[in-house]
Amino acid sequence: MAARFLRTAHRALRSFQHSHRTLPPSLKLAASSCLFQSRAFATDRASKPPSEANILRILDNEIEYQYDYAPPHQPAVEFDSFVVEDRPGQQWMTMARKFGAAEEIKIEATMFDGYELVPKPGADSSGEDLRLHISLLVDVSRGDGGGTLEFVCSAWPDRLEIQKLYLLPKDKLLGRPYLGPDFRSLSGKLQGRFRSFLEERGVDDKLSFFLHEYMTNKDRIELIQWQQRLKSFVEK
């Protein structure tokens, strides 16, 4: 499922990436475990080469800074009617809920995977703000075996946008089936109805805001764990 998600999201975001920028390296955080660890006690580094001792000292300072000035918190396990499941060490998470008698909704969301620059608000403001982007797949399936509606979406800090809409058959896909046109090529009335369809199921701007808060925290957790693993490697 994860592999298909990443492939689908990558295809759907090609057009997005032509007009927006990918994240700078400083924001592309390596993934690792998202469980908290205690701060490591200082070790005897007298026998370490100066270069390694300097790396360890810098890592100690970076980890201490994260804990003191931007401490992460335990990831949320639910949001409204959704059950939230993190993927420690990976750059995505999942959410799931039931709707009605036989409908299941599953969401797979990436960590921040792009951004755009927008003017700062206010008549007297100058410069630009950075708006981070999250990709997500929303699968809506029913127990009647009629297949799955799959929405490829963009989550901005203040809104959710539908990019693609697929109708996936219940059987395994073979060959290259026709999955439908670009969502934005549909009539405005039909686009509005499908937005309402998702909003009724809790996939809305409020969810987008939650995902940005969640991924900001996940970024911090993953970064701290990566730094701690790097420190352990150098210490050995």
Side-chain angles (χ1 to χ4, degrees), residues 1-2 4-13 16 34 72-88 90-116 131-170 179-184 186-221:
M1 186 68 170
R4 179 175 64 79
F5 167 48
L6 294 174
R7 288 196 300 270
T8 304
H10 176 73
R11 290 196 300 270
L13 286 171
F16 166 84
C34 88
H73 53 264
Q74 193 68 27
V77 295
E78 60 182 8
F79 172 75
D80 287 348
S81 298
F82 286 96
V83 175
V84 180
E85 185 175 354
D86 190 26
R87 291 290 187 267
Q90 300 184 42
Q91 299 185 57
W92 63 295
M93 53 83 82
T94 63
M95 303 176 67
R97 65 164 294 188
K98 292 186 179 296
F99 183 80
E103 201 169 273
E104 292 188 357
I105 302 167
K106 295 182 180 179
I107 297 174
E108 299 175 59
T110 67
M111 293 174 69
F112 301 122
D113 60 358
Y115 74 98
E116 67 177 3
R131 285 166 49 84
L132 296 175
H133 175 270
I134 293 172
S135 299
L136 63 151
L137 288 183
V138 182
D139 285 357
V140 181
S141 58
R142 292 174 175 169
D144 56 9
T148 299
L149 277 181
E150 182 169 83
F151 297 83
V152 182
C153 302
S154 290
W156 297 101
D158 58 347
R159 71 182 189 276
L160 187 76
E161 295 178 351
I162 303 173
Q163 303 294 337
K164 298 280 188 180
L165 170 59
Y166 302 132
L167 178 57
L168 306 178
K170 62 179 180 178
L179 298 176
D182 188 285
F183 181 79
R184 291 163 291 188
L186 300 176
S187 69
K189 183 179 293 187
L190 192 55
Q191 290 185 45
R193 292 294 181 268
F194 274 115
R195 290 192 190 98
S196 298
F197 176 87
L198 285 183
E199 288 172 359
E200 291 172 359
R201 289 153 178 79
V203 183
D204 52 16
D205 294 344
K206 189 167 66 170
L207 172 67
S208 190
F209 182 79
F210 165 78
L211 287 173
H212 274 259
E213 286 192 327
Y214 186 95
M215 292 307 181
T216 297
N217 185 61
K218 183 173 172 64
D219 267 348
R220 293 171 183 156
I221 293 171

Report task. Would you sort out whether V203 and F82 count as a side-chain contact (heavy atoms from CB on, under 4.5 Å), showing the intermediate values? Result -> CA-CA 10 Å; V203 183; F82 286 96; 4.2 Å; yes
Query raised in the report: What's the verdict on side-chain contact (heavy atoms from CB on, under 4.5 Å) for K164 and D182, showing C-alpha distance, side-chain angles and the deciding distance?
Result: CA-CA 6 Å; K164 298 280 188 180; D182 188 285; 3.4 Å; yes
Query - Intermediate values then yes/no, salt bridge (charged side-chain N to carboxylate O under 4.0 Å, His left out), R97 and D80 - result: CA-CA 9 Å; R97 65 164 294 188; D80 287 348; over 6 Å; no
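Shown here is R159, whose CZ atom has more than 12 heavy atoms of other residues, nucleotides or ligands within 6.0 Å. No more than 12 heavy atoms of other residues, nucleotides or ligands sit less than 6.0 Å from atom CD of E78.
A salt bridge does not link K206 with D204: none of the charged nitrogens is closer than 4.0 Å to a carboxylate oxygen. Salt-bridge check for E85 with R87: passed, with a basic side-chain N closer than 4.0 Å to an acidic carboxylate O.
The CG atom of L167 lies 5.5 Å from the CG atom of L149; values are rounded to the nearest 0.5 Å. Residue T110 holds its OG1 atom at 11.5 Å from CH2 of W92, rounded to the nearest 0.5 Å.
Counting heavy atoms from C-beta on, the side chains of D158 and R131 come closer than 4.5 Å. The side-chain heavy atoms of M93 and M111, taken from C-beta on, include no pair separated by under 4.5 Å. Under the 4.5 Å side-chain criterion, counting only non-hydrogen atoms from C-beta, S154 is in contact with H133. Side chains of E161 and F183 form no contact here, defined as non-hydrogen atoms less than 4.5 Å apart. Considering only heavy atoms from C-beta on, T216 comes within 4.5 Å of F112 through its side chain. When side chains are defined from C-beta on, L137 counts as touching V152, because their heavy atoms get closer than 4.5 Å. A heavy-atom distance below 4.5 Å is not found between the side chains of K106 and T94. Here the side chains of M95 and L207 are in contact, with some heavy-atom distance below 4.5 Å.
Q191 contributes a side-chain N or O that, together with a main-chain N or O of L186, makes up a donor-acceptor pair within less than 3.5 Å. S208 places a side-chain N or O within donor-acceptor distance of the main-chain N or O of W156, the cut-off being under 3.5 Å. Under a 3.5 Å cut-off, the side chain of H212 and the backbone N or O of A155 do form a donor-acceptor pair.
The aromatic rings of F210 and Y214 sit tilted, their planes meeting at an angle between 30° and 60°.
Geometrically, R201 engages F197 in a cation-pi contact, judged by NZ or CZ lying under 6.0 Å from the ring centre and within 45° of the ring axis.
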